[in-house]
Asks: 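Here it is, the structure in full.
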Amino acid sequence: MSEHKSYYFCGIGGSGMLPLAMIVKAAGAQVSGSDRALDQGRLADKFQWLQDRGIKLFDQDGSGLVDSSQILVASAAIEDTVPDVARAIALGCKRMTRAELLAEHFNAAPRSIAVGGTSGKSTVTGMIGWILTEAGRDPTIMNGAVMKNFVDAYAPFASSRVGVGDMMVSEVDESDGSIALFNPEIAVLNNVSLDHKSLEELRMLFGDFIAKSRHAIWNHDDAESHALVGSSNLAKTSSFGFFDGADYRALQVEEKSLGSSFVMRTGGTDYPVSLQVPGRHNVANALAAIAASCAIGVPVEIAISASGSFRGLARRFDIVGTTNDITVIDDFGHNPDKIAATLQTLKAFPGRVVAFFQPHGFGPIKKMGAELAVVFSENLDDDDRVILCDPVYFGGTVDRSLGSDSIVDAITAAGGNAEHIAARWECGDRIVEISKPGDRIVIMGARDDTLRSFAQSILAGIGRDKSKLQAD
């Protein structure tokens with residue numbers, strides 16, 4: 001459907017834009033684009049890789065749009081005054097959102113799995129994609145994170161995979177309501193909790209999402225998911241979880257620092273499962289992925305074997321390295337559920353936690369700042385530390401009256417040990433200064449690819465600083 005069309009991606013380096021650009025290019029489209037990070041000289045390796053794949057890149061000044069036949073792919077939130085958008089309007093170019101273009105491809109696939117829910121979407125999508133690949137189904141995969149199993153010299157930014165089979169698996173987003181565009185054969189609902197929208201809005205979006213599917217996979221342990229399934233007239237369902245009654249149930253869970261093992265009971269049979277990704281939340285993610293894969297015809301034994309060789313995603317409890325007995329971890333945690341899962345995984349083992357958090361915008365602080373403060377307060381001990389810098393801000397007219405200091409104040413009021421340091425680089429210096437052997441330092445945040453390099457700089461700083469102290 002994209003063959004012979006020309007798409008211009010505004011923000012082509014984004015976690016949702018880049019993988020989609022590769023999918024539509026593989027379908028025969030011409031692809032070009034721009035990105036603010038390119039203009040600012042950031043993420044040079046990523047943009048060079050795109051250019052090496054035959055994608056033309058331009059300054060984000062409208063210069064790449066030259067013909068009315070080009071289709072502008074841009075976020076609905078981007079204002080008309082942005083030069084690319086203004087130029088597209090002047091030329092009369094069609095405009096699509098990322099989700100609209102993705103939904104066109106997804107809904108045209110003969111067989112499809114969509115993964116929705118507040119947390120775990122990217123991991124479950126990656127797990128399902130890997131299972132289908134190992135099962136010989138050659139799927140197309142659309143993800144919002146780099147899938148380590150698919151990374152190689154040709155695909156260092158493997159957040160998508162283009163297959164020739166009849167299956168497509170994709171995560172779908174509720175934050176902008178675009179989940180409503182997708183008509184999946186298999187719909188996976190991981191959970192329903194506060195994030196970008198109110199619970200009332202989420203219940204409507206997720207309820208409609210599972211109602212359109214032929215087979216819904218849902219979280220038996222999640223009260224909101226339970227209520228949605230109970231109030232819907234669904235064609236077929238399979239549940240997963242830790243509690244009695246789940247169709248795919250985890251028993252005898254043994255958490256390890258870099259993985260876990262458990263027994264999965266389904267259909268009256270027990271199967272041993274071993275994972276390379278840590279935390280109880282990833283046990284639940286694996287159950288969801290196995291259930292979805294079985295629903296589309298993969299034998300359960302193959303699904304279990306493949307889940308055991310799944311190596312995870314970049315920036316999902318991603319260990320950057322260890323030096324002087326201090327470990328630095330890069331993590332995508334940015335909403336209450338994701339941060340709680342990461343902190344609980346860390347606190348399952350001894351050692352102080354130093355948690356750095358960069359809020360992914362001023363709007364999210366207003367939406368869930370109080371809940372974020374509670375999560376830090378309830379999941380960390382007196383000797384743990386929390387450090388926040390100012391939120392991500394790349395421009396625009398958003399209300400910036402409520403900042404990171406409000407979260408720090410709430411954590412401190414609850415008895416926690418938290419600091420607000422406005423500049424991120426100064427936070428890095430502070431973390432290096434206070435770190436000591438046995439610490440686990442976790443760098444959390446979303447919508448900013450430079451957080452990975454920030455985590456790496458902290459690891460390097462600790463290596464220099466502590467080694468010097470030892471030498472002295």
Side-chain angles (χ1 to χ4, degrees), residues 1 16 19-20 23 76 96-129 131-132 137 139-144 165-193 195-220 222-241 246-248 285 287-298:
M1 73 186 65
L20 181 57
I23 288 173
M96 300 182 75
T97 65
R98 180 198 65 84
E100 288 170 340
L101 180 55
L102 173 59
E104 273 193 5
H105 281 260
F106 182 89
N107 293 337
R111 308 206 68 187
S112 60
I113 303 175
V115 183
T118 307
S119 303
K121 293 188 288 292
S122 297
T123 298
V124 174
T125 299
M127 282 184 169
I128 294 171
I131 291 170
L132 294 178
R137 305 301 176 89
T140 292
I141 309 165
M142 170 67 192
N143 209 332
D166 65 351
M167 294 187 181
M168 184 169 184
V169 55
S170 178
E171 67 169 300
V172 292
D173 192 6
E174 81 287 349
S175 66
D176 59 359
S178 62
I179 190 173
L181 300 172
F182 295 83
N183 302 309
E185 174 184 351
I186 312 293
V188 181
L189 179 58
N190 289 336
N191 40 55
V192 182
S193 62
D195 194 342
H196 300 280
K197 293 185 177 294
S198 68
L199 278 174
E200 290 74 18
E201 292 173 296
L202 292 174
R203 288 164 185 150
M204 180 174 296
L205 286 168
F206 288 132
D208 291 344
F209 169 62
I210 59 175
K212 289 191 292 185
S213 70
R214 281 181 262 169
H215 193 150
I217 312 297
W218 61 283
N219 187 340
H220 186 270
D222 180 56
E224 289 287 344
S225 300
H226 222 293
L228 284 180
V229 171
S231 63
S232 303
N233 184 22
L234 302 177
K236 190 173 184 180
T237 69
S238 298
S239 61
F240 63 91
D247 297 314
Y248 291 79
N285 288 338
L287 292 173
I290 292 169
S293 300
C294 291
I296 210 162
V298 175

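For reference, positions follow the sequence shown, starting with 1.
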Asks: For the side chain of Ser232 and the backbone of Val229, is there at least one donor-acceptor N/O pair under 3.5 Å apart?
Replies: no
Asks: Which value, rounded to the nearest 0.5 Å, describes the distance between Phe209 atom CZ and Leu181 atom CG?
Replies: 12.0 Å
Asks: Between Ile296 and Leu132, is the side-chain contact (heavy atoms from CB on, under 4.5 Å) condition met? List the steps.
Replies: CA-CA 9 Å; Ile296 210 162; Leu132 294 178; 3.9 Å; yes
Asks: Taking Arg137 for the side chain and Met167 for the main chain, is one N or O donor matched with an acceptor at less than 3.5 Å?
Replies: no
Asks: Mind checking the CD-CG spacing from Glu171 to Leu102? Nearest 0.5 Å is all I need.
Replies: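 So the CD of Glu171 and the CG of Leu102 are separated by 9.5 Å.
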Asks: Minimum heavy-atom separation for Gly129 to Val169, with atom names?
Replies: CA-CG1, 4.1 Å
Asks: Is Lys121 reaching over with its side chain to a backbone N or O of Val172, donor-acceptor style, under 3.5 angstrom?
Replies: no
Asks: Quick one: does any side-chain atom of Ser112 pair with a main-chain N or O of Glu185 as donor and acceptor, under 3.5 Å?
Replies: yes
Asks: To the nearest 0.5 Å, what is the distance between NE2 on His215 and CD1 on Ile210?
Replies: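 The NE2 atom of His215 sits 11.5 Å away from the CD1 atom of Ile210.
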Asks: I need the Asn183 CG to Lys212 NZ distance, nearest 0.5 Å.
Replies: 4.5 Å
Asks: How close do Ala216 and Leu234 get, counting heavy atoms only, and between which atoms?
Replies: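 Shortest heavy-atom contact: CB-CD1, 4.1 Å.
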Asks: Is there a side-chain contact between His105 and Met142, using heavy atoms and a 4.5 Å cut-off?
Replies: no
Asks: Could you list the residues that satisfy side-chain contact (heavy atoms from CB on, under 4.5 Å) with Asp222, not counting sequence neighbours?
Replies: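 Only Asn191, Val192, Asn219, Glu224, Ser225 meet the side-chain contact (heavy atoms from CB on, under 4.5 Å) criterion with Asp222.
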Asks: When you measure from the side chain of Asn190 to the backbone N and O of Ala288, does any donor-acceptor pair fall under 3.5 Å?
Replies: no
Asks: Please indicate whether Met204 has more than 12 foreign heavy atoms, meaning atoms of other residues, nucleotides or ligands, lying under 6.0 Å from its CE.
Replies: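 No.
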Asks: Return the minimal non-hydrogen interatomic distance between Ala292 and Val188, and the atom names on each side.
Replies: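 So the minimum-distance heavy-atom pair works out to CB-CG2, 3.7 Å.
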Asks: Taking Ser170 for the side chain and Ala114 for the main chain, is one N or O donor matched with an acceptor at less than 3.5 Å?
Replies: no
Asks: If you round to the nearest 0.5 Å, how far is CD1 of Ile113 from CD1 of Ile128?
Replies: 5.0 Å
Asks: Which pair of non-hydrogen atoms, one from Ile217 and one from Phe240, has the smallest distance, and what is that distance?
Replies: CG2-CD2, 3.9 Å
Asks: Restricting to non-hydrogen atoms, name the atom on Phe206 and the atom on Gly116 that form the minimum distance, rounded to 0.1 Å.
Replies: CE2-C, 4.3 Å
Asks: Roughly how far, to the nearest 0.5 Å, is the OG atom of Ser178 from the CZ atom of Arg98?
Replies: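 The distance works out to 6.0 Å.
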Asks: His220: what forms a ring pair (Phe, Tyr, Trp, His ring centres under 6.0 Å) with it, not counting sequence neighbours?
Replies: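 Scan of His220 (ring pair (Phe, Tyr, Trp, His ring centres under 6.0 Å), adjacent residues dropped) gives Trp218, His226.
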Asks: Give a yes or no answer on whether the side chain of Glu174 reaches the backbone of Leu205 with a donor-acceptor pair at less than 3.5 Å.
Replies: no
Asks: Please name the pair of heavy atoms, one in Gly144 and one in Ser122, separated by the smallest distance, quoted to 0.1 Å.
Replies: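 Reported closest heavy-atom pair: N-OG, 4.2 Å.
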